[in-house]
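For reference, positions follow the sequence shown, starting with 1.
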Amino acid sequence: MTSQTITAAASGTWKLGDLTVNRIGFGAMRLPQHGEAFVADAVPRDRDQAMGVLRRAVELGVNHIDTAAFYFSPLRSANELINRALAPYRDDLVIATKVGPGRDPSGQWMPHATPEQLRGQVEENLRQLGLDHLDVVNLRIVGTDSLAERFGALAELRQAGLIRHLGLSNVHPHHLAEAQGIAPVVCVQNMYGIGATPEQQEFLRVCGEQRIAFVPFYSIAGTGRAAGATTDRDPEVYAIARARGVSTAQIRLAWTLHQGPHVLAIPGTGDLDHLTQNVATGSLRLSPEELATLDSVHHEAA
């Protein structure tokens with residue numbers, strides 16, 4: 001697999017509303033620091049290294065970047081790194097951000113934003129990114145309570161021209177139905193990968209039927225979550241990766257992309273080699289036999 005010559009275009013495209021993106025994107029969560037994200041005393045990543053990864057991602061055809069104002073470490077902010085590295089932005093670059101959660105300057109989590117506080121979070125993202133409007137804003141929530149007031153507040157900001165498209169993050173199917181009664185939803189960003197539950201699988205399918213992008217997070221990291229990928233202990237995954245001459249992370253990412261044309265991957269990294277591998281995964285077409293083996297691993301782990 002000559003990953004050096006493969007660009008994100010090999011993954012195919014999907015639309016976030018009226019914005020066309022390659023299905024392999026880039027997640028900025030891990031960019032501001034080394035090691036686990038959201039650790040208060042995390043070691044900041046070298047600024048030039050972080051900006052080099054972002055610039056290389058765009059060179060490799062990545063035109064969908066996922067970020068948030070709460071992605072920061074001491075001295076580093078994902079949004080400001082994106083601004084410094086990529087502004088003025090290319091016309092085809094789509095930057096998606098999340099609101100709802102927040103962290104204080106020390107890095108400690110604060111209560112999720114109220115409807116009234118969401119405008120301040122949107123304006124914070126605008127300022128950090130140096131934009132006059134946001135392409136996609138995902139409302140991230142925790143729990144099963146109604147999101148109508150919060151999503152309604154974002155719909156008002158969309159009407160005002162501060163937001164182009166709206167999405168949801170960490171939600172349940174009833175949240176999607178509730179939100180769609182308020183304003184169009186272009187994407188759902190939920191945890192998904194090998195071992196996802198039947199309920200998560202069904203939600204992915206429902207999004208596909210409705211032509212809504214499904215954007216999985218932790219599709220490589222799995223149980224490692226914000227700490228990153230753990231050692232792969234599934235011999236079947238390892239065997240397929242070895243036969244293909246790729247990493248187990250690439251196999252897991254490729255399986256996720258095979259779950260539907262509406263699935264958009266946003267793997268994140270601060271390493272140029274890993275970035276190149278992630279982008280190259282978009283060209284990896286798994287055989288029916290390989291998919292059957294991985295499906296078995298998936299169902300056993302679910």
Can you give each donor-acceptor pair under 3.5 Å made by side-chain atoms of residues 265-274, sequence neighbours left out, with the distance rounded to 0.1 Å?
unit_1 : atom_1 : unit_2 : atom_2 : d
Thr269 : OG1    : Asp271 : N      : 3.0
Asp271 : OD1    : Asp273 : N      : 2.9
Asp271 : OD1    : His274 : N      : 2.9

Rounded to the nearest 0.5 Å, what's the gap from CG on Asp234 to CD on Glu236? Could you check? 6.0 Å
Dump the intermediate steps for side chain to side chain contact (heavy atoms under 4.5 Å, CB included) on Ile24 and Asn278, then the final yes or no. CA-CA 8 Å; Ile24 285 280; Asn278 290 340; 5.6 Å; no
Considering all heavy atoms, the nearest Ala42-Ser73 contact: CB-CB, 4.5 Å
Closer than 3.5 angstrom, by distance alone: can the side chain of His175 be matched with the main-chain N or O of Leu168 as a donor-acceptor pair? no
Side-chain heavy atoms under 4.5 angstrom apart, residues restricted to Ile, Leu, Val, Met, Phe, Trp, Tyr: same cluster for Val186 and Leu264? yes
Selection residues 161-190 - residue pairs positive for salt bridge (Lys or Arg N to Asp or Glu O under 4.0 Å), sequence neighbours left out: Asp18-Arg164
Return the set of residues passing side-chain contact (heavy atoms from CB on, under 4.5 Å) with Ser77 (not counting sequence neighbours), or none when no residue passes. Phe72, Asn79, Glu80, Gln128
Just by distance, do the side chain of His258 and the backbone of Ala254 share a donor-acceptor pair under 3.5 Å? yes
Is the backbone of Arg23 close enough, under 3.5 Å, to the side chain of Ser11 for a donor and an acceptor to pair up by distance? yes
Look at the side-chain heavy atoms of Ile, Leu, Val, Met, Phe, Trp and Tyr, link any pair under 4.5 Å apart, and say whether Leu93 and Leu275 land in one connected group. yes
Count the heavy atoms belonging to other residues, nucleotides or ligands that lie under 6.0 Å from CD of Glu202, then report whether that count exceeds 12. yes
Check this for me: Arg242, atom CZ, are more than 12 non-hydrogen atoms of other residues, nucleotides or ligands nearer than 6.0 Å? no
Using 30° and 60° as the class limits, which term best fits the ring planes of Phe214 and Phe203: parallel, tilted or perpendicular? perpendicular
Just by distance, do the side chain of Arg55 and the backbone of Ala85 share a donor-acceptor pair under 3.5 Å? yes
For the pair Glu209 (side chain) and Arg205 (backbone), establish whether a donor and an acceptor sit closer than 3.5 Å, ignoring hydrogens and angles. no
Backbone of Val171 reached by a side-chain donor or acceptor of Asn190 within 3.5 Å: yes
Closest non-hydrogen atom pair between Arg30 and Gly35, with its separation: NH2-O, 3.6 Å
Here the gap from Leu154 atom CG to Leu118 atom CG, rounded to the nearest 0.5 Å, amounts to 5.0 Å
Around Arg211, counting heavy atoms of other residues, nucleotides and ligands shown, do more than 12 lie under 6.0 Å from its CZ? no
Under the 3.5 angstrom rule, does the side chain of His262 hit a backbone N or O of Leu204 as a donor-acceptor pair? yes
Counterpart residues, side-chain contact (heavy atoms from CB on, under 4.5 Å), relative to Gln108 (two or more places apart): Ala40, Asp104, Ser106
Do the side chain of Ser169 and the main chain of Gln189 share a donor and acceptor less than 3.5 angstrom apart? yes
Has the side chain of His133 got a donor or acceptor atom that lies under 3.5 Å from a matching backbone atom of Ile163? no
With salt bridge (Lys or Arg N to Asp or Glu O under 4.0 Å) as the rule and sequence neighbours excluded, what pairs involving residues 84-103 come up? Asp66-Lys98, Arg90-Asp92
Trace of the side chain to side chain contact (heavy atoms under 4.5 Å, CB included) decision for Trp255 with Glu290: CA-CA 9 Å; Trp255 179 87; Glu290 290 169 331; over 6 Å; no
Do Ile95 and Ile82 have side chains that approach each other closer than 4.5 Å (heavy atoms only, starting at C-beta)? yes
Return the minimal non-hydrogen interatomic distance between Ala183 and Leu166, and the atom names on each side. CB-CD1, 4.1 Å
In this structure, would Val136 and Leu176 fall into the same cluster of hydrophobic residues linked by side-chain contacts under 4.5 Å? no
Given the rule that I, L, V, M, F, W and Y join up when any side-chain heavy atoms are under 4.5 Å apart, are Val206 and Met191 in one cluster? no
Non-hydrogen atoms of His64 and Val215 that approach each other most closely: CE1-CG1, 4.4 Å
Please check if Leu284 and Leu257 belong to a single hydrophobic cluster, counting links between Ile, Leu, Val, Met, Phe, Trp and Tyr side chain heavy atoms closer than 4.5 Å. yes
What do the steps show when you test Leu131 against Asn83 for side chain to side chain contact (heavy atoms under 4.5 Å, CB included), and what is the final call? CA-CA 9 Å; Leu131 293 168; Asn83 187 347; over 6 Å; no
Using 30° and 60° as the class limits, which term best fits the ring planes of His174 and His172: parallel, tilted or perpendicular? parallel
Check this for me: Glu59, atom CD, are more than 12 non-hydrogen atoms of other residues, nucleotides or ligands nearer than 6.0 Å? yes
List the steps, then state whether side chain to side chain contact (heavy atoms under 4.5 Å, CB included) holds for Arg47 with Leu81. CA-CA 8 Å; Arg47 181 184 295 276; Leu81 287 167; 4.1 Å; yes
Hey, could you give me the OG1/CG distance between Thr13 and Leu19, rounded to the nearest 0.5 Å? 12.5 Å
Heavy-atom pair with the smallest gap, counting every atom of Val279 and Ala8: CG1-N, 3.4 Å
Please give me the minimum heavy-atom distance between Leu54 and Leu86, naming the atom from each residue. O-CD2, 3.9 Å
Less than 4.5 Å apart, any side-chain heavy atom of Glu199 and any of Pro173? no
Can you check whether Val185's main-chain N or O pairs, donor with acceptor, with Gln180's side chain at less than 3.5 Å? no
How long is the gap from CG on Leu139 to NE2 on His112, to the nearest 0.5 Å? 9.5 Å
Could you tell me which residues satisfy side-chain hydrogen bond (donor to acceptor under 3.5 Å, both in side chains) with Tyr192, sequence neighbours excluded, listed by chain and number? Gln201
At what distance, to the nearest 0.5 angstrom, does CG of Leu134 lie from OG1 of Thr97? 6.5 Å
Can you measure from CD1 (Ile240) to OG1 (Thr248) and round to the nearest 0.5 angstrom? 11.0 Å
